[in-house]
Amino acid sequence: KKGKTGQEVKDSLIKASKQIEIKQNKEGKPRYFRGGTEVLKRVSDVVSAYYGTIFRNNDKKDTAINEQVREEGVEIHSIFQHTFAKYVSEDGEVLTTPKAANSELKELTDKYPNIASKVDEVVKQIIKVNPDSYFLTELKVSDGTKIGGTLDLVVIRKKDGRTSVYDWKTKRGRKQEKGTRNWVERTQIDWWNVNGWRIQLGEYTKILRKNGVTNFGEVRMIPVMTFEKKVGNEWKIDKIDITPFERSRSEEHTSELQS
């Protein structure tokens, strides 16, 4: 049986995504809705439940869940999303001539010039190493009304529909050493983070399979290390680095999740 083309995969995912919206439910909590019906749970709920099983101490559990929320690095995610919008059309096609930065990106660039410059460099590299592909950002997906989530970046190869999934995960580039409490550069991702990310990747993969995706490429998180500097009395993110970990678990994640 002949597989789907990239355009077929892309059009199907976009069509399904347009049926999904995020809004408050009756309890005032932000939830996914598909066709007007509330989706029972979010992928993030599954990860939070995992943290609840491994951290018996509630304070540690709350720390893990709060770090999960902080990891989303809302503004850094936005910089990636709006930078892609410079180079890619709404339906995923690479533009012949890049567009000017939109107002949101201009505002974020003024706030984080070093980060915006680094992200621009990374986005152009991602597009370069994935020729003849579609690029979809912040793609909402769901398995009917059972579970939903949002994919940071989906890259679909045109000729054969090979679909790769990438999710940005911001982490502090420095952490406090046990015992001394000195701040040192991070050399690895915490084990509970890795496991939580694998669970998240697995849920995304299952949802995409339910949406007809069968040909997978890379399915992986991309840790984005953040480094702060003191401005007045506050510590603010000054730069990011994705190179120490960018290739660390790519093949491992992909082989596990395709099986």
Side-chain angles (χ1 to χ4, degrees), residues 2-22 72-141 149-170 204-205 207-208 211-224 239-243 246-247 250 254:
K2 186 179 179 181
K4 294 181 179 179
T5 65
Q7 182 167 347
E8 288 172 327
V9 173
K10 183 258 298 183
D11 290 347
S12 177
L13 290 176
I14 290 177
K15 182 179 178 180
S17 184
K18 287 180 178 178
Q19 298 174 26
I20 305 168
E21 58 181 336
I22 301 173
E72 292 175 358
V74 175
E75 290 182 312
I76 291 178
H77 275 66
S78 293
I79 293 174
F80 271 104
Q81 179 186 1
H82 294 302
T83 301
F84 266 103
K86 286 173 53 179
Y87 300 106
V88 178
S89 69
E90 288 186 6
D91 66 349
E93 286 277 8
V94 177
L95 298 170
T96 304
T97 304
K99 294 188 292 188
N102 59 29
S103 58
E104 290 91 344
L105 183 56
K106 286 179 181 177
E107 185 177 332
L108 289 165
T109 300
D110 288 341
K111 188 174 181 180
Y112 303 110
N114 294 339
I115 294 175
S117 176
K118 177 66 175 179
V119 169
D120 193 84
E121 174 188 319
V122 170
V123 166
K124 287 189 289 189
Q125 181 65 15
I126 290 172
I127 292 173
K128 181 180 179 180
V129 300
N130 290 282
D132 299 315
S133 296
Y134 299 109
F135 300 84
L136 305 178
T137 61
E138 296 299 309
L139 184 74
K140 294 187 289 294
V141 294
T150 301
L151 305 176
D152 289 342
L153 174 64
V154 178
V155 180
I156 305 167
R157 194 160 62 189
K158 291 183 177 181
K159 69 177 182 179
D160 58 5
R162 180 180 183 268
T163 301
S164 295
V165 177
Y166 302 96
D167 203 83
W168 323 116
K169 284 295 183 186
T170 60
Y204 286 155
T205 305
I207 292 172
L208 287 173
N211 281 269
V213 177
T214 57
N215 184 4
F216 284 91
E218 287 192 313
V219 180
R220 56 179 286 233
M221 299 296 187
I222 299 181
V224 179
K239 65 177 183 176
I240 60 172
D241 188 359
I242 69 168
T243 53
E246 66 179 0
R247 302 300 306 179
S250 162
T254 301

Looking at residues at least two apart in the chain, or sitting in another chain, which of them share a side-chain contact (heavy atoms from CB on, under 4.5 Å) with [X]?
{"X": "K86", "result": "A101, L105, D120"}
{"X": "D11", "result": "Q7"}
{"X": "E138", "result": "H77, Q81, T150, D152"}
{"X": "Q125", "result": "K128, V129"}

According to the side chain to side chain donor-acceptor pair (under 3.5 Å) rule, which pairs have a member within residues 94-107, sequence neighbours left out?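 The answer is H82-N102.
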Extract all donor-acceptor atom pairs below 3.5 Å that involve side chains of residues 154-162 and protein atoms in other chains or at least two apart in sequence.
unit_1 : atom_1 : unit_2 : atom_2 : d
R157   : NE     : D160   : OD1    : 3.1
R157   : NE     : D160   : OD2    : 3.4
R157   : NH2    : D160   : OD2    : 2.7
K158   : NZ     : E93    : OE1    : 2.9
D160   : OD1    : R162   : N      : 3.1

Qualifying residues under side chain to side chain donor-acceptor pair (under 3.5 Å), relative to S89, sequence neighbours excluded: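 Once residues adjacent in sequence are excluded, the partners of S89 under the side chain to side chain donor-acceptor pair (under 3.5 Å) criterion are D91.
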Using every non-hydrogen atom in the two residues, find where D110 and P113 come nearest and quote the distance to one decimal.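 D110 and P113 have their closest heavy atoms at O-CD, 3.8 Å.
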Residue pair G149 / Y204: nearest heavy atoms and the distance that separates them: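 For G149 versus Y204, the nearest heavy atoms are CA-CE2, 4.5 Å.
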Please, which pairs that meet ring-ring contact (aromatic ring centres under 6.0 Å, His included) have at least one residue in residues 102-140, sequence neighbours excluded?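 Qualifying pairs: none.
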Run the salt bridge (Lys or Arg N to Asp or Glu O under 4.0 Å) test against K111 and tell me which residues pass, sequence neighbours left out.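 Result, salt bridge (Lys or Arg N to Asp or Glu O under 4.0 Å) vs K111: E75.
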Who pairs with E8 by salt bridge (Lys or Arg N to Asp or Glu O under 4.0 Å), at least two apart in sequence or on another chain?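 Scan of E8 (salt bridge (Lys or Arg N to Asp or Glu O under 4.0 Å), adjacent residues dropped) gives none.
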Could you tell me whether the side chain of S117 and the main chain of I115 form a donor-acceptor pair under 3.5 Å?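 Checked: no pair found.
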